[in-house]
Amino acid sequence: MRWTNALIPTLKETPADAEIISHKLLLRAGLIRKLTGGLYIFLPLGLRSLRKIEQIIREEMDRAGALELLMPALQPPEIWQQSGRYETARDVLFKVRDRSKKEWVLGPTHEEVITTLAAGEINSYRQMPKNFYQIQTKFRDEIRPRFGLMRAKEFIMKDAYSFDATDDGAMASYQKMYDAYTRIFARCGLKAFPVEADTGVIGGSHSHEFMVPAETGENEVAFCEACGYAANIEKATSGLPKTAAREIGAAVEKFATPGVVTIEALSKAPYSVPANRQIKTLVYIADSKTVLVLIRGDDQLNETKFMAKTGAVEVRPATPEECLGTLGAKPGSLGAVANVPADVEVFADERLRGANDMTTGANEDGFHLKNVSIERDLKVTQWFDLRTVRAGEPCAKCAKPLKIRRAIEVGHVFKLGTKYSEKLNAVFLDETGKSNPSVMGCYGIGVTRTLQAVIEQSNDKDGIIWPLAVAPYQVIITPLGVVAGSPIMTLAEKLYADLTAQGVEVLLDDRDDRPGVKFKDADLIGIPIRIGLGEKSLANGEVEIKRRGGEMTLAKTGEALANVLELVRAGG
RNA sequence: CGGGGCGUAGCGUAGCUUGGUAGCGCGUCUGAAUGGGGUUCAGAAGGUCGUGAGUUCAAAUCUCACCGCCCCGACCA
C-alpha cells in the first residue's frame with residue numbers, strides 16, 4: 001500500500017476524550033474513530049490488525065477441532081425467556097421492535113441460539129463431541145462504556161460452544177479450549193495468563209479468565225508467584241487463620257455507644273474494640289428477600305462471592321429505612337444477636353466460625369453488645385467464604401504471600417454443565433437409549449478488546465509497537481525524498497515490489513514530507529520493520545533496517561531484501 | 001441511576017468571573033525556501049460558540065431546560 005493512496009489520519013495531538021494510552025494511540029495512529037460513545041469506526045489500518053487477530057483465532061479454533069458457523073445477531077426473545085436470562089440479563093439486553101411491534105433482542109451472547117440449534121441437530125451421543133464457534137458483533141447495553149474499545153456497546157467477539165455426552169468429555173473439551181486460548185494470545189504477542197474466575201450471569205460450574213496485566217484493567221487478580229495460584233479477586237481465597245477463640249465465657253453485655261456508627265469509631269478510645277474483634281452486620285436484599293451477612297470488622301464483603309454462594313441473582317444493600325424496619329435499628333448499630341425475624345437468613349463468613357469475645361451492634365441505636373460468641377449467641381443459617389482477599393495474605397496452597405494486580409480480561413472459558421441444554425431441551429440418546437441433556441461449555445474472546453490490550457501492553461513514548469503477527473503492515477519503506485526516478489525512489493519502488501511479491505505486507509511512505517514527519521508517523525503507527533532510504537546511506541550503497549523500538553542496522557542494497565525477509569519470517 | 005467535569009473551525013484550546021467586532025496553535029489550500037526526527041516565511045479558506053427558550057439595546061459570556069461527551073461511583077453501615 002502506498003501511503004498517499006491510503007487513509008491513515010494520524011494525529012499529533014491527543015483527542016480530549018481519551019484517557020488511557022491504548023485508547024489515545026488507537027485514535028492518534030488512525031486505527032479507529034469514534035462515531036459516538038461506545039461505538040467506533042474501524043479505519044483501514046485498524047481493520048487490518050483486527051483481521052489478523054481474527055485469523056489467528058480461526059486457525060487455532062480450527063486446529064482444536066471447532067467448527068465455524070455464523071448466527072444471527074437479532075434473536076427472538078422467547079428463547080431468552082426459556083433460558084431465564086430474559087430476566088437475569090435484562091440490564092444488558094438491547095431490545096428492538098419490528099413494524100408489527102414484535103420485540104426482538106440484539107444478542108449479547110449466543111448460548112440460547114446455539115442450544116436451540118443443538119436441540120434440533122444433535123440427537124445422539126455418536127454426534128459428540130461438537131464445538132461450534134463464530135466471530136461476530138455483539139451488543140450489550142453497558143452501564144458505562146469506557147476506554148474506547150475496552151468496554152463498548154457493540155464489539156466483536158469470538159464465541160464457541162461445546163456439546164458433550166459426558167462430564168469427562170466436557171472437561172476434555174474445556175481443556176482443549178484452555179490450551180487453544182493460551183496459544184492464541186501468545187501468537188498475538190500478548191502476555192496473557194489464566195486465572196480462576198466467577199461464572200456470573202452466564203452460569204456454570206467453573207471457569208477461567210485470560211488476563212492481560214495492565215494498570216488500566218478493570219479487574220483485579222490475586223496471584224501467588226511461588227506456586228502459580230491465580231484468581232480473580234471476585235473468586236480468590238487465601239489461607240488466613242480463623243478468628244482466634246478466647247478463654248472467656250462471660251454473658252453478652254450491652255453497652256452504650258452514642259454516635260458510634262462505624263467500625264473505625266468503635267475501634268478507638270474510649271471503646272477500643274479492635275476491628276478484628278468486631279462483627280460487621282450487613283443487611284442485603286437478595287432477590288427481594290432480606291438477609292443478613294456477617295463478616296469480621298476488618299474484612300470486606302465480596303458481593304460476587306455472596307451471589308455465587310447463595311445463588312442470588314439480584315443483590316443490593318438494604319436502605320437505612322429497610323434496616324430499621326427489619327432489625328429495629330439503623331446502620332451502625334446492627335447485629336444478629338437479638339431481634340432477628342425468624343424468616344431472615346443469616347450468612348456468615350467462615351473466618352468468624354468459632355469466634356467469641358466479639359462486639360457487634362445491639363439493634364438499638366447507640367448501643368453495642370460485647371462478649372458475643374458466634375456459636376452461642378446467634379443463629380447462622382450458613383457459613384461461606386465471603387470476604388475479599390488482600391495483598392500479602394498467605395496463599396491457600398503454599399502459604400507464600402499473595403499479590404494483587406490489575407488486569408484486562410480478554411478471554412473467558414466456562415464449563416456450563418446442563419443449565420442451557422435442560423432449559424432449551426438439547427437432549428440426546430446415550431448408548432443405552434436413555435435421553436440426557438448435553439453437557440456444555442462456552443468460550444469467549446473479546447476480539448476488539450484484545451486488539452486494544454495488545455496496544456496497551458506494547459507501546460512507548462513514540463507510539464505503538466506492534467507484535468509482527470498482528471501489525472497492520474509488517475514493513476514500512478521510508479524513502480527520504482520521493483522524486484520519481486531518483487536513486488532513492490527507484491530502490492524504494494523495487495524493494496516495495498520485491499517484498500510484495502514475496503507475500504510481505506508493505507506500506508510505502510511515498511508522501512512528499514520531511515524526514516521527521518515520516519519517522520514520527522512510522523513510530524506512531526508502530527510498523528515492526530522500517531526500511532530507511534536516504535542519500536547518506538545510499539551513497540555507501542547501504543539502506544537502513546530498523547526494528548520498531550530496537551536497533552538500527554545497515555545492509556548493502558543488494559542484501560536488503562533477504563535481510564528483511566529473514567526478519568519477517570523469524571518474527572512471524 | 002448518583003456525583004463531578006466539559007461542549008467555541010477537522011484536532012487541541014483561549015475568551016465566560018466583569019455581556020459590546022470570536023482569537024491562538026496544529027492540520028488543510030496557494031506560493032517560496034528547506035530537506036535525516038513533527039522546518040521556516042508569506043498569503044488564504046474554514047465558526048448556526050451543542051440545542052431551545054429567557055433576561056438585555058446587545059449573549060460564546062447571565063438564567064432555565066434539554067442533548068451529547070469524559071471521569072468517578074452505583075460493595076464495604
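Hydrogens, waters and symmetry mates are skipped; everything else that's a heavy atom, side chains included, is used.
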Side-chain donor/acceptor pairs under 3.5 Å, residues 307-317 of chain A, sequence neighbours excluded:
unit_1	atom_1	unit_2	atom_2	d
A/Lys309	NZ	A/Asp385	O	3.0
A/Thr310	OG1	A/Phe306	O	2.7
A/Thr310	OG1	A/Ala312	N	3.3
A/Arg316	NH1	A/Glu322	OE1	3.0
A/Arg316	NH2	A/Glu322	OE2	2.9

Quantified in whole Å, what is the P atom distance between nucleotide B/U63 and nucleotide B/G20?
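Comparing P positions in B/U63 and B/G20 gives a spacing of 15 Å.
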Strictly by salt bridge (charged side-chain N to carboxylate O under 4.0 Å, His left out), give each pair with a member in [range] just once, sequence neighbours left out.
range	result
residues 18-43 of chain A	A/Asp17-A/Lys34
residues 285-302 of chain A	A/Lys289-A/Glu345, A/Arg296-A/Asp298, A/Asp299-A/Arg351, A/Asp299-A/Arg387, A/Asp299-A/Arg390
residues 486-499 of chain A	A/Arg2-A/Glu493, A/Lys494-A/Asp498

Which residues in [range] have a heavy atom closer than 4.0 Å to any atom of RNA chain B?
range	result
residues 10-18 of chain A	A/Lys12, A/Glu13, A/Thr14, A/Pro15, A/Ala16, A/Asp17
residues 24-37 of chain A	A/Arg28, A/Lys34, A/Thr36, A/Gly37
residues 283-299 of chain A	A/Val283, A/Tyr284

Which sits closer to the 5' end of RNA chain B, A/Asp523 or A/Leu282, going by the nucleotide each is nearest to?
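Mapping each residue to its closest nucleotide by heavy atoms, the 5'-most match is A/Asp523.
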Using heavy-atom distances to pick each residue's nearest nucleotide on RNA chain B, tell me which of A/Glu544 and A/Lys280 is more 5'.
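In this pair, the answer is A/Glu544.
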Return a table of donor-acceptor pairs under 3.5 angstrom between the side chains of residues 264-273 of chain A and protein atoms on other chains or two or more places apart.
unit_1	atom_1	unit_2	atom_2	d
A/Glu264	OE2	A/Lys268	NZ	3.0
A/Ser267	OG	A/Glu264	O	2.5

In terms of side-chain geometry, is the basic nitrogen of A/Asp198 or A/Lys235 positioned less than 4.0 Å from the acidic oxygen of its partner?
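Salt bridge flag = no for A/Lys235 with A/Asp198.
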Do the side chains of A/Arg511 and A/Asp521 get close enough for a salt bridge, i.e. N-O under 4.0 angstrom?
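Salt bridge flag = yes for A/Asp521 with A/Arg511.
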Considering only heavy atoms of chain A and a distance under 4.0 Å, specify the first and last nucleotide of RNA chain B in 5' to 3' order that meet this criterion.
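The protein-touched segment is B/C11 to B/A77.
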Identify, with sequence neighbours excluded, every residue that meets side chain to side chain contact (heavy atoms under 4.5 Å, CB included) alongside A/Glu87.
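A/Glu87: side chain to side chain contact (heavy atoms under 4.5 Å, CB included) contacts with A/Arg90.
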According to the side-chain hydrogen bond (donor to acceptor under 3.5 Å, both in side chains) rule, which pairs have a member within residues 531-557 of chain A, sequence neighbours left out?
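Of all non-adjacent pairs touching residues 531-557 of chain A, those that pass side-chain hydrogen bond (donor to acceptor under 3.5 Å, both in side chains) are A/Asp460-A/Arg548.
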Side-chain donor-acceptor contacts of residues 211-218 of chain A below 3.5 Å, not counting sequence neighbours, with atom names and distances?
unit_1	atom_1	unit_2	atom_2	d
A/Thr216	OG1	A/Glu456	OE2	2.9
A/Glu218	OE1	A/Arg151	NE	2.9
A/Glu218	OE1	A/Arg151	NH2	3.1
A/Glu218	OE2	A/Arg146	NE	3.0
A/Glu218	OE2	A/Arg151	NE	3.2

Taking the six-membered ring of A/Tyr473 (Phe, Tyr or Trp), confirm whether the NZ or CZ of A/Arg48 is under 6.0 Å from its centre and within 45° of its axis.
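Because its charged atom sits under 6.0 Å from the ring centre and within 45° of the axis, A/Arg48 does stack over A/Tyr473.
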